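Reviewing the structure listed below.
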Amino acid sequence: MPNMSLHKNPMPVQEPDVRNRNFNEVALGYTEEQAVDEAERCLNCKHKPCVSGCPVAIDIPAFIQKVKEKDFEAAYEVLNRSTSLPAVCGRVCPQETQCECKCVRGIKGEPVAIGRLERFVADYHMAHNTKDAQIPKPNGHKVAVIGAGPSGLTCAGDLAKLGYAVTVFEALHLAGGVLVYGIPQFRLPKEIVRKEIENLKAIGVKIETNMVIGKVLSIDELFENGYEAVFIGSGAGLPRFMKIPGENLKGVYSANEFLTRVNLMKAYQQGSNTPIQNARKVAVVGGGNVAMDAARCAKRLGAETVYIVYRRSEAEMPARLEEVEHAKEEGIIFKVLTNPTEITGDEHKFVNGMRCVKMELGEPDASGRRSPVEKKGSDFTLDVDCVIMSIGTSPNPLIRNTTKGLDTNRHGCIITEEETGLTSREGVYAGGDAVTGAATVILAMGAGKKAAQSIDEYIKNK
Amino acid sequence: EEWWDMYKIVKKKSLNPTVSFMEIDAPFIAKKAEPGQFIILRVDENGERIPLTIADFDREKGTVTIIYQIVGATTKKLDSLNEGDSLQDFVGPLGVPSHTEGLKRVAVIGGGVGCAIAYPIAKKLHQSNAVVHSVVGFRTKDLVILEDEFAAVSDELIIKTDDGTYGTKGLVTDALKQLIERGEQYDEVIAIGPLVMMKFVARLTKEYGIKTTVSMNPIMIDGTGMCGGCRLTVGGETKFACVDGPDFDGHLVDFDEAMERSSMYRDFEKHHYEAACHLFDKA
Ligand SMILES: Cc1cc2nc3c(=O)[nH]c(=O)nc-3n(C[C@H](O)[C@H](O)[C@H](O)COP(=O)(O)OP(=O)(O)OC[C@H]3O[C@@H](n4cnc5c(N)ncnc54)[C@H](O)[C@@H]3O)c2cc1C
Ligand SMILES: Cc1cc2nc3c(=O)[nH]c(=O)nc-3n(C[C@H](O)[C@H](O)[C@H](O)COP(=O)(O)OP(=O)(O)OC[C@H]3O[C@@H](n4cnc5c(N)ncnc54)[C@H](O)[C@@H]3O)c2cc1C
Ligand code: SF4
Ligand code: SF4
Ligand code: FES
């Protein structure tokens, strides 16, 4: 008899007033009992509606069935067939708009907590697995992957499993992409990313850090070096600014800079050599996941007041609901329908305030979104000493500027064939944020997966 | 083929009490490096990422030379390493190479450790048969670096010290002004050194309408255009020094803003420098 409770097993979490002062993971994960109890809520639907919501088509009822049977390693095997980073996706996927929103249990009550179960299984495997990875039989072909974010790592992992000799070239000193430099420790412990990457290395994937492709080697030179195909998963890391006065004052960061200082360079730890401002009052401009992460990091670094400043209303915020709720619980103050017009500084050019205007939502525009319009005479000043701009990023121009014949659109995104990930250059494939602009981990992984299949076909048929 | 994974120090020497020279094993970077480009390094696992200019490179030997001034915690830690030791990370070549094509007569102005950045450009100009006048300035005699190297690639070399203990007393701008007043015609002036120095060189050459290139050195992290921390205002537009530069038109750079931004972490750095010194004193 399935568990007919209308509610998900709640996720155990650190208390808000405790966690907003440390960088440990907020969500603590299910116990075995909770996991099995939650798995019992799954009806094992024949037509598997949930699977259609998952960009990498995990066989959701099959892995949940194994959880019911307490055969967690078998559950892991099911996950492993479709995703190479289950511990990551279980944590950061926007499940509410993907797999879980298609779950029949969500029609009346809450859907099955698919993400939490996925995380449980992946964590169980990490803690208990003692089997050595099986090294696939080499097929004698070499493929290069640019960027060690989720798209590149997935593509590399899938190709390695097919016997390809894969080298991943990563610009930074650490592999992981946004998973290590952007998403903070308290949402995605770096240890987990590191272990997932160790798993890839164990099956033979080579990761060469400190290699900025386009500078140290071009794509053409990769081919000259014997790589038969190239996958570009270079992400969308170029930060946008608002172009308002005062943006170059001391104390104005892009979210990327702020998060990189905190996460990649560990500025939150005592004794780190990388400095970060000791801000008291912080305004984070933007309403996405990135903005929530920056705000919650600022709070944890000791800021007394942290604002989220967003020009539309809360309903339009692109951030995941769970992140917004967590942020609020931790004491982040939301200033919605508010738009910055100028950042002001003191005589030493440190930020001392941000001028804002109130907004209201006007008529829907061509895209159907109601665009915000300024309320006349509503301007006011927020008392802040730090401003973090989190209004979006676009693909870095480095690769497109150094690769002849690689077509990009007017946003700088690489143009690919929908079905295969093939770019305008033979043998060159691309996926993830570099193609779509800033999106999600699982979409990037899906693209890496698809490209790995196409590359395999391309090389086999050459 | 096998990848190297160690950035080994193959040669180290002290150029003056605060400036050292290191040749690093980095074959892939050596193959691509051009004057004006830089690398970013980390000394150890928890180290800060710092940018240093590629002062020279040897494509055959596969080495890259850096010349650094010991100013803070990271450069101090770097200087504690010796020949045979390896660096944790070494990435490059970053930035756009200096534009030297078509230049026939050039004044190269270097200040302090900026001379290390200016030297490879002077050398390249000399190799392409341009007339090179070099003006290099230092605070005092003990700090003079690369004198022989500059002499070898310059048609005229003027050395200035603030206190007159070597060369002639005064500022590099004084010497440049004299050259211009003497009737020298330059296609371009290339000035590399402290921000104040570049600001005043640019102010001077603007009066005479001589195109001037400066090399900007804001605080950087990734060096790939990802963080925006290295941004500058150039001609009213925001530029990222690591990917758009580090060379910019000196007449368009907002130097005052750049000077303010470079002092962002002064207190933090001072504290860490003292901590690093303390650590080495104990060792
Ligand atoms: C703060 C933050 C929070 C987020 N939160 C979530 C979330 O909760 N859920 C979710 O699903 N998504 C989230 N995202 C989005 C998600 O992280 C990205 O969509 C995803 O990481 C994209 O993967 P990718 O592989 O395309 O690129 P990236 O993860 O950006 O990786 C690209 C890699 O390529 C490297 N690279 C770039 N250029 C070069 C070059 N020339 N040579 C060599 N290497 C290069 C980069 O250094 C980087 O390591 C978040 C993003 C941010 C910034
Ligand atoms: C493109 C570029 C090329 C450079 N080339 C050379 C060179 O050839 N030789 C040389 O001696 N110096 C060079 N510098 C400056 C060098 O990077 C700094 O001296 C070094 O980072 C100081 O680090 P520190 O920890 O020892 O000192 P700190 O005490 O941390 O800082 C001292 C000063 O160095 C600057 N600085 C600190 N951190 C950084 C950083 N991450 N990026 C840039 N500047 C920083 C700041 O202005 C600071 O006030 C260059 C800088 C840039 C941006
Ligand atoms: S990968 Fe993401 S979308 Fe797919 S099942 Fe897991 S949580 Fe759902
Ligand atoms: S839709 Fe929901 S209940 Fe049905 S199989 Fe998928 S997870 Fe289970
Ligand atoms: S150093 Fe990060 S963008 Fe230039």
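So you know, we letter chains A, B, ... as the sequences are listed, proteins then strands, and number each from 1. None of the values given here were measured: they were computed from a predicted structure.
Contacts of A:L249 with chain B are made by backbone atoms alone, with heavy-atom separations under 4.5 Å and no side-chain atom involved. When heavy atoms are compared at a cutoff of 4.5 Å, A:F258 does not approach chain B at all. Only the side chain of B:Q37 comes within contact range of chain A, judged by heavy atoms closer than 4.5 Å. Contact of B:E260 with chain A is made through backbone and side chain together, with heavy-atom distances under 4.5 Å. Only the side chain of B:T238 comes within contact range of chain A, with at least one heavy atom under 4.5 Å from a heavy atom of that chain.
Checked by atom type and distance alone, the side chain of A:K142 never pairs as donor or acceptor with a backbone atom of A:T167 at under 3.5 Å. Judged purely by atom type and a 3.5 angstrom limit, A:E208 has no side-chain atom pairing as donor or acceptor with the backbone of A:E170.
Between A:E221 and B:K32 there is a salt bridge, with a side-chain nitrogen of the basic residue lying less than 4.0 Å from a carboxylate oxygen of the acidic one.
No other option in A:M265, A:K243, A:R261 has as many heavy-atom pairs under 4.5 Å with chain B as A:R261. Your options are B:K31, B:E237, B:R42, and the one with the most heavy-atom pairs under 4.5 Å with chain A is B:R42. Among A:V212, A:N248, A:T260, the residue with the largest count of heavy-atom pairs under 4.5 Å with chain B is A:N248. If you tally non-hydrogen atom pairs under 4.5 Å between each of A:H173, A:E257, A:K215 and chain B, the highest count goes to A:H173. Ranked by heavy-atom pairs under 4.5 Å with chain B, the first of A:E247, A:K349, A:M389, A:K250 is A:K250.
Counting non-hydrogen atoms of neighbouring residues, nucleotides and ligands closer than 6.0 angstrom, the CG atom of A:N401 exceeds 12 such neighbours.
A side-chain contact (heavy atoms from CB on, under 4.5 Å) with A:I388 is found for one member of A:V285, A:V252, A:V284, A:V290 and no other, namely A:V284.
Residues forming a side chain to side chain donor-acceptor pair (under 3.5 Å) with B:E83 (at least two apart in sequence, or on another chain): none.
Between A:F169 and A:Y227, the ring planes are perpendicular. Angles over 60° get that label, and only those under 30° would be called parallel.
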